[in-house]
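Contents: one structure, followed by commentary.
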Amino acid sequence: MKYLFIACFLTLLFFNTVNAQETERWDKEVSAKPNSNQQWFKDAKFGMFIHWGLFAEAGGTWNGKNYYGISEWMMNRGKIPAADYAALAKKFNPTQFSAKEWAQLAKDAGMKYMVITAKHHEGFAMFDSKVSDFNIVKATPYHQDPMKPLAQAVRNAGLKFGFYYSQFLDWHEPDGGGNKWDFNETKKDYQAYYHTKSIPQIKELLTNYGPLGLIWFDMPGGLSKDETQSLINDVRKIQPGCLISSRVGNGLGDFKDYGDGEIPATVSTTGAWEALFTHNDSWGYSKFDYNFKTPKEIIRLLTTVSSKGGNLILNVGPDSSGRMPAYSVKYLRQAGKWLKINGEAIYGTTAGFINPQPWGLTTAKPHKLYLHVFERPKNGFILVPGLQQIKKAYLLANKQQLAFIKTTGGISIKLPYLTDDYNTVIALDLIDKPLTPDPNAPVTVSDQYTSNALDAINAHPFGKTKIKSITYSHYFGDWKHVPCVIEMTTPQDSAVFHANITEPGDYKVTLEYACAPAQAKQEGVMSLNEKEYQFETLPISDYESHKPLLFIKQTIAITTIKKAGLYQLNIRPLHSGTELFKLKTIWLEPIN
Ligand code: JFZ
């Protein structure tokens, strides 16, 4: 049993790595090509993902056993025989489903597109399909096609509509990808699967549901690059304007999807891209999962992704009655209220050209810079480094003009009060030509904030040191991604952080890291402000992709900064050994 469990994870991880190579290729080959159909997608910024299928009927429970984690993978995890699983259809009767309500929810939330699972890995078509009887009209007591009214209602609400379609994984079919517990892998004919089910159903979706904004393919397999291109050509023939997700595979597709729950540390593409998150931790409805993001977390997540130039597609998992989780409805609507007032600073923007600051993030439009203030400085002055002059500064919410002064470090704007706990937006009318973002700009450290973060992505690595997103999960499939400084094993492997400390004073230095017990008790040294501080690492957490990764905060120094200015913080192992730690953040906390 344990091995089956691990095998599932390996499958998911394998797709992770395959994806990594393919997206690298995608960055080079596809993202450079201009695509006029992409513009609506680039401007949209916020979309609704919906995972709906027979897994919603089970809600994560099978034969009295609870499967915590992503519910739509339950069939795979439990090695549930396809015939037994298919019986869920007999109970699936979403009488509470209302296309208009779902469309209205997405609209109220401030979303500009909706993507719903037409068929997930379980193989069940949530639409009227002539290709296979394993569909919602034929196999359930509901006997209706919910996708018809939904596509219409979503378009009527002014949003783009798209389908998710699992083109390769199909655990119901003897020739589909992934089901090795019922069907002999060596006897599978993937081509037959593509030609008798996958491609014909994709054609149905493109033919019967009006103009689609996009098709969201996922988890590629079984096709060569030419065959993938021919699948794309089939889509283009029916709907030339329909965008295709990068998970179509083989480095193709019109927009890029990062990993589940991943915000890219550095954006590798100039093309359109999406970060995908689910509102709680499961994509499909799960009875146990109450870890819903709060409205504030939703707004800050959306702002973070926008500040890097991408879209956020946020998933909700309706249950089998056709109802959205109550907390999704409530919190999405609440987030939408913020967008009604501040949407100008999100929709149609490009990445902000000022690096993250202790007060928050930026987005941009021609002649405009939007400051998204998450943390209020104690004295109320928001320092925007790098700007020389501006025309005007005002609160976006009420157009109240704000005073500003030119300082040595940039423009400093007086924030009268924090009006919005989620994110207070200050709009700047620019005189300067938009600056080009400088990834090497120092990180601002100021005594105006409770704490200042030097994150792994701000590190300059030397020797064998690397910066990498570490992927792990709590339950099955609820991936977390934490950028870390890794592989520092000798005194030559160091990480250097550039900090612009804007006020003198005492600062406490705290390292936040994960460290495998077997590798702990190694010494490291941090140099800052012409002094060296030594420390020994603590045993915290082994890294295994399918286990929680724990981080500790260890204070290693107090330093007295006599003069404001640029400082270098350097960290490295004292001796050669194994990896010193996985370093997430260095915190600089002013002592007042
Ligand atoms: C896939 C599905 O398996 C999952 O059920 C859900 O639909 C999600 C949106 O997509 O899972 C993946 C696919 C790709 C990666 C990770 C999980 N990846 O490339 O990191």
Side-chain angles (χ1 to χ4, degrees), residues 265 355-359 374-375 377-378 383 385 409 440-463 465-467 470 482-515 519-541 549-575 577 579-592:
N355 283 358
Q357 295 299 311
W359 46 258
F374 293 174
E375 304 299 328
K378 289 173 189 141
L383 174 67
N440 293 319
V443 180
T444 308
V445 170
S446 163
D447 69 1
Q448 292 303 307
Y449 302 89
T450 318
S451 204
N452 299 272
L454 303 176
D455 288 317
I457 57 169
N458 302 122
H460 300 263
F462 291 90
T465 307
K466 284 184 190 61
I467 302 165
I470 304 298
V482 181
C484 288
V485 178
I486 60 166
E487 287 175 37
M488 302 170 82
T489 60
T490 74
Q492 281 72 51
D493 306 327
S494 65
V496 177
F497 296 83
H498 299 276
N500 177 24
I501 306 184
T502 53
E503 296 90 8
D506 287 2
Y507 289 84
K508 194 181 255 192
V509 185
T510 301
L511 308 179
E512 186 174 3
Y513 62 85
C515 181
Q519 296 177 333
K521 298 203 171 178
Q522 296 188 85
E523 291 176 272
V525 53
M526 191 268 303
S527 70
L528 172 66
N529 199 14
E530 289 168 0
K531 247 187 115 157
E532 295 210 325
Y533 304 87
Q534 297 184 3
F535 59 90
E536 190 180 73
T537 58
L538 303 170
I540 300 306
S541 183
L549 184 64
L550 303 183
F551 293 87
I552 194 170
K553 284 187 175 180
Q554 181 184 7
T555 298
I556 56 158
I558 288 179
T559 187
T560 301
I561 301 291
K562 295 232 168 68
K563 217 171 140 264
L566 285 180
Y567 287 83
Q568 273 197 18
L569 188 155
N570 176 309
I571 195 153
R572 61 182 166 82
L574 191 57
H575 310 290
E579 183 180 72
L580 187 62
F581 47 29
K582 298 189 193 304
L583 177 66
K584 178 177 170 290
T585 304
I586 301 177
W587 296 96
L588 294 182
E589 187 189 327
I591 301 168
N592 296 311

Q. Stepwise, does the side-chain hydrogen bond (donor to acceptor under 3.5 Å, both in side chains) test hold for Ser446 with Glu503?
A. CA-CA 6 Å; Ser446 163; Glu503 296 90 8; 3.1 Å; yes
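- Within the model, atoms OG of Ser451 and NZ of Lys508 stand 10.0 Å from one another, a figure rounded to the nearest 0.5 Å.
- Summarising the local packing, NZ of Lys521 is surrounded by 12 or fewer heavy atoms from other residues, nucleotides or ligands at distances under 6.0 Å.
- Of the possible donor and acceptor atoms, one in the side chain of Gln448 sits under 3.5 Å from a partner among the backbone N and O of Lys378.
- Separating the OG1 atom in Thr444 from the CG atom in Asn452 is a distance of 8.5 Å, to the nearest 0.5 Å.
- Considering all non-hydrogen atoms of both residues, Ile586 and Phe497 come closest at CD1-CE1, 3.5 Å.
- Side-chain contact between Leu588 and Val509 is present, with at least one heavy-atom pair separated by less than 4.5 Å.
- Heavy atoms only, all atoms of each residue included: Ile486 and Ile470 are closest at CG2-CD1, 4.0 Å.
- The distance from atom OH of Tyr513 to atom CD of Gln554, rounded to the nearest 0.5 Å, is 3.5 Å.
- The CD atom of Gln522 lies 9.0 Å from the OG1 atom of Thr489; values are rounded to the nearest 0.5 Å.
- In this structure, Glu512 and Trp587 approach most closely via the heavy-atom pair OE1-NE1, 2.8 Å.
- Taking the six-membered ring for Trp and thresholds of 30 and 60 degrees, Phe581 and Phe535 have nearly parallel ring planes, at less than 30 degrees apart.
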(Q) Using side chain to side chain contact (heavy atoms under 4.5 Å, CB included), reason through Leu574 and Gln534 one step at a time and then give a plain yes or no. (A) CA-CA 8 Å; Leu574 191 57; Gln534 297 184 3; 3.8 Å; yes
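- Contact check for Ile556 versus Met526: side-chain heavy atoms found under the 4.5 Å cut-off.
- Thr490 and Pro573 get closest at one heavy-atom pair: O-CD, 3.2 Å.
- Two residues are said to be in side-chain contact when any heavy atoms from C-beta on lie closer than 4.5 Å; Val482 and Phe551 meet this criterion.
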Q | Worked check of side chain to side chain contact (heavy atoms under 4.5 Å, CB included) between Val443 and Asp455 | A | CA-CA 9 Å; Val443 180; Asp455 288 317; over 6 Å; no
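- Using a 4.5 Å cut-off on side-chain heavy atoms (C-beta onward), Ser527 and Tyr533 make no contact.
- Contact record, Pro504 with Lys562: CB-O, 3.5 Å, taken as the closest heavy-atom pair.
- Not one N or O on the side chain of Thr559 forms a donor-acceptor pair closer than 3.5 Å with the backbone of Asp506.
- Separating the NE2 atom in His575 from the CG atom in Leu580 is a distance of 11.0 Å, to the nearest 0.5 Å.
- The shortest distance between side-chain heavy atoms of His498 and Val496 falls below 4.5 Å.
- Remark: Ile571 CD1 to Leu528 CG distance equals 10.5 Å, nearest 0.5 Å.
- Closest heavy-atom contact between Ala459 and Pro461: O-CD, 3.6 Å.
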Q. Checking side chain to side chain contact (heavy atoms under 4.5 Å, CB included) for the pair Glu589/Thr450: CA distance, chi angles, key distance, verdict?
A. CA-CA 6 Å; Glu589 187 189 327; Thr450 318; 5.6 Å; no
Q: Dump the intermediate steps for side chain to side chain contact (heavy atoms under 4.5 Å, CB included) on Asn440 and His460, then the final yes or no.
A: CA-CA 9 Å; Asn440 293 319; His460 300 263; 3.3 Å; yes
